Amino acid sequence: MGGNHRVFDRHKDAGLAQLPSAEPPRSSDGGTAKAAPRIKAMRTTAELREGFLTFFEERDHLRRKSASIIPPADDPTTLFIVAGMQPMKRWFLGEKSDAPRVTTVQKAVRAGGKQNDLDDVGLTNRHLCFLEMLGNFSFGDYFKDGAVDYAWEFVTEHMKLDPERVWASVFAGDPELGLGEDGVAIASWERYLPRERIVGLPRTENFWQAADTGPCGPSSEIYYDRGAEHGCGREDCRPGCECERYLELWNLVFMEFDLADDGALTPLPRQNIDTGMGLERGAMLMQGVESLFDTDTFKPLLDWVGERADAAYGSSEEATKAYRVIVEHARTSSFLVAEGVAPSNEGRGYVLRRVIRRAVQFGRRLGLEPPFLYELGDVVREQMGDVYPELVERRREISELVRGEEERFRETLERGEKLFEEMVAKGEITPDDAFRLHDTYGFPWELTKELAAERGLEVNEEEFTRLMEEQRERSRQASAFEVEVQVKGQRSDFVGYERTDVLTAILAYAELGDGTFQAKLEQSPFYPDGGGQVSDAGYIENEETGARADLISATRLEEDQVLTFQGEGFGEGMRVRAVVPWSVRFPTMANHTATHVLHTALRDVLGEHVRQAGSAVRPDKLRFDFTHPRALTREERDRVEQEVNRVIFENRPVRAFITPIEEARRLGAMMLFGEKYGDEVRVVEIDGYSRELCGGTHVRSTAEIGPFVILSEGSVGSGARRIEAVTSGSAFGLLHERSLEAEELRSELAETRKQARKRGAERDRTAEVVYRDESGDVVVAQVEAIKGSELRDLSDQIRQSKKAAAVLLGSVDDGRVYLVVNVDPSLVDAGVDAVAIAREAAKKIEGGGGGRPNLAEAGGKNPAGLDEAFEVGKSEIAAARG
Ligand code: ATP
Ligand code: MG
């Protein structure tokens, strides 16, 4: 390894060379041949991406945009999209496709499932966790010959790889599948390659399936011989060998089967082609560099790290690996957050957490202190934001979430390291120590081992593993306890709706070891995890002895609950005081009620198709998933936020009641689709606004929620969106922060304006005033192509400099029309409403409008209507002023 940017002499400048003359593309299956190719000479990653798509477009393929990395809700077979074919599964299974031929570049993440390359990142030259996959697809159109023809032409004539170094593998057959060697693929290849460079490989290599079930088929891979100097030197080194000599570039899959649960293969209705070429691998070969990380896309990322690290890229194997892991994970984390994934302890969120933490760990080896990864995310955005605009749209979330996770991990590491030092001070690190670091403090075992080694200490790994096993055993016992108490029929009485502080007794008790125990209380104020609301935090204490145990979790057991605590000095029958601190419970209630308001507000603003798809109510924030086919516009998002706050400040009473399910249905209470409810249900009603079946804890009236602020809105799979929001104290904190930021911005802006004025470039002179009324205090003007805050600011400037009572500005930018109506507050008091004026005027430009009574905006798609809109605006203003 190392940072050796080796270049193959032979095709050093290949990518820059002119293309050969416009020979019509061959197509053995009768596809139409086109005139001169538009495909340009390729060298950079961006050129390869575009060149590939153009090549196939010219050959009658429909270019489709990359689908989300999150698989559609109805495809639970993988955690992430791992290949280009996945979003089109239904077309392979026989549903009619948009076109018989399709080409895409698809974002993919290979982590946390069967296709898991996360741990290979940095170990090999050819694996990434996030990658872009180029593909061409045929749905019952061309088959093996066609796919091989296209691939051969693209690789040799456009990528200009040396034909003498190209190899192909084909499926060697498998008795279990009842399939023999793929003779057809061999024949297809023999038209281009000598038989010795066509090798048969087993099912593990050359039978492709994205998951355990679904469309699949034998495949044929294109390999490139990078030269003996990259190889293992073994006599039988061939494609399929794990060394770095033969690089797999492109997989052509002959999708003709559907694999069932029981392993049975059924032929698909059509014979299809699905191919996947790793974009980065293609760039690596074209550029003749040592690894994926030495291609052009990664260069600025490596440079960024290089400016901050205390060892150079390539200075040692260790350093090179650390650089590669960091830059890779900067990409993966940016793309995952852009898709709405947030760090957590399970599923996709856990992959994101691992990726960020892994980057931080490798960063520390180079002397980079967290948080740093979030800044590297900016470089990723600069690199790829034009192809993937979600990186730009979500820049704030990416930066905040990555940074937050880095900071949490830094705290974990610092706490762990402090403890570690204390442990070292006593001369050794026992397996118990290592286990405690891992289990209680989340300190990675690998790091303990490493730090210990640095000090010449060794930790008994076998013993550590045994402790981990015991821990697993304890969780099994814990579930045994749950069964036992249920059999005994000792039920807890949940009193948490009314009380957060009760004197009660321990009904059942079981030691779990390691200072933890499980218990059931006669009366419990603790809300057990469920219905989207997380388990309460809190404690129990024995007021006589002063013993105290903290609640780790409250778990639901049908109608009952079981509590797990950390602490000592308790036992069955003991009287205890059980407390949920108000500082935890209150914000949780506020968030839960806000979730209900949000649900109804979304249906009001977006439409009745909105259905709840999941939620998480916690003390610090709330999350709400719902069905909706596309991202919310800025305006929709604002309207939702405003609507929720409106209902909050109307201070509507909130009450809960138990009723038969039929009655709840009759009342139109919202229920979760697919959920099973008992005969009697609990309905939470917000007076005059909404009714939902819900077992959660709620505030007594909406005003208790306090301000409601949306943190983010994003996708969680096809057709589902997620909103994260804060209320009460957290919302106030956020608003305060934002107002400080805005203040800073304002002073920056004021400074910029001052400079601009100095240069004599005062904007409003460029405004062509089309109308001033007699008193001179209504200004109507068309201005140069500006919109949004610039247009608003200009209207303020004009209103002040011209001492106008009302200003109506219009502008045309990129085929769209923008209007702003700005009226003096004294007019608002007198009953003039800018919003109403903007909405009326908007009709003329085929658009809509909104805003506040003194400042409203409209946007539309008909520039020709601008003059009419001005007329309407003028008469509306005149009428409103009476
Ligand atoms: P390998 O055996 O090298 O891991 P694979 O068999 O997993 O590759 P496929 O599942 O066939 O690869 O994916 C199709 C193409 O995507 C590959 O030919 C390769 O160009 C690219 N590819 C696959 N995995 C990665 C990865 N982790 N990083 C970069 N490119 C990849
Ligand atoms: Mg692989």
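Remember, it's 1-based here, ligands and their atoms both numbered in the order they're listed. The shown structure was predicted, so the numbers you read here are calculated from the model rather than taken from an experiment. Numbering of residues begins at 1 and proceeds along the displayed sequence.
- In this structure, R59 is not positioned above the aromatic face of F56 in the sense of NZ or CZ being under 6.0 Å from the six-membered ring centre and within 45° of the axis.
- An N or O contact shorter than 3.5 Å is missing between E280 and ligand 1 by distance.
- For the pair R308 and W304, the cation-pi test (distance below 6.0 Å, angle within 45°) is passed.
- Under 4.0 angstrom from ligand 1, the non-hydrogen atoms of R281 all belong to its side chain.
- Where the criterion is an N or O separation shorter than 3.5 Å, residue side chain and backbone included, L131 fails it with respect to ligand 1.
- Listed by first and then second residue, the salt bridge (Lys or Arg N to Asp or Glu O under 4.0 Å) pairs that reach into residues 209-222 are K114-D212, sequence neighbours excluded.
- In terms of N/O distances under 3.5 Å, ligand 1 is approached by D117.
- Inspection of the T275 and N136 side chains reveals an N or O donor paired with an N or O acceptor under 3.5 Å.
- Around the CZ atom of R63, the shell of radius 6.0 Å holds more than 12 heavy atoms that belong to other residues, nucleotides or ligands.
- For atom 9 (P) of ligand 1, the choice among H127, R110, M85 with the nearest heavy atom turns out to be R110.
- When non-hydrogen atoms are compared, ligand 1 lies under 4.0 Å from neither the backbone nor the side chain of V82.
- Within ligand 1, counting atoms from 1 as listed, the ones closer than 4.0 Å to a heavy atom of L128 are 26 (C), 27 (N), 28 (N), 29 (C).
- In this structure, M133 has a heavy atom closer than 4.0 Å to ligand 1.
- Within a 6.0 Å radius of CG in D98, other residues, nucleotides and ligands contribute more than 12 heavy atoms.
- Heavy atoms of W250 found under 4.0 angstrom from ligand 1 belong exclusively to the backbone.
- For ligand 1, the polar-atom distance check against G278 finds a nitrogen or oxygen pair separated by under 3.5 Å.
- Applying the salt bridge (Lys or Arg N to Asp or Glu O under 4.0 Å) test between R126 and each of E242, E280, E248 identifies E242 as the sole match.
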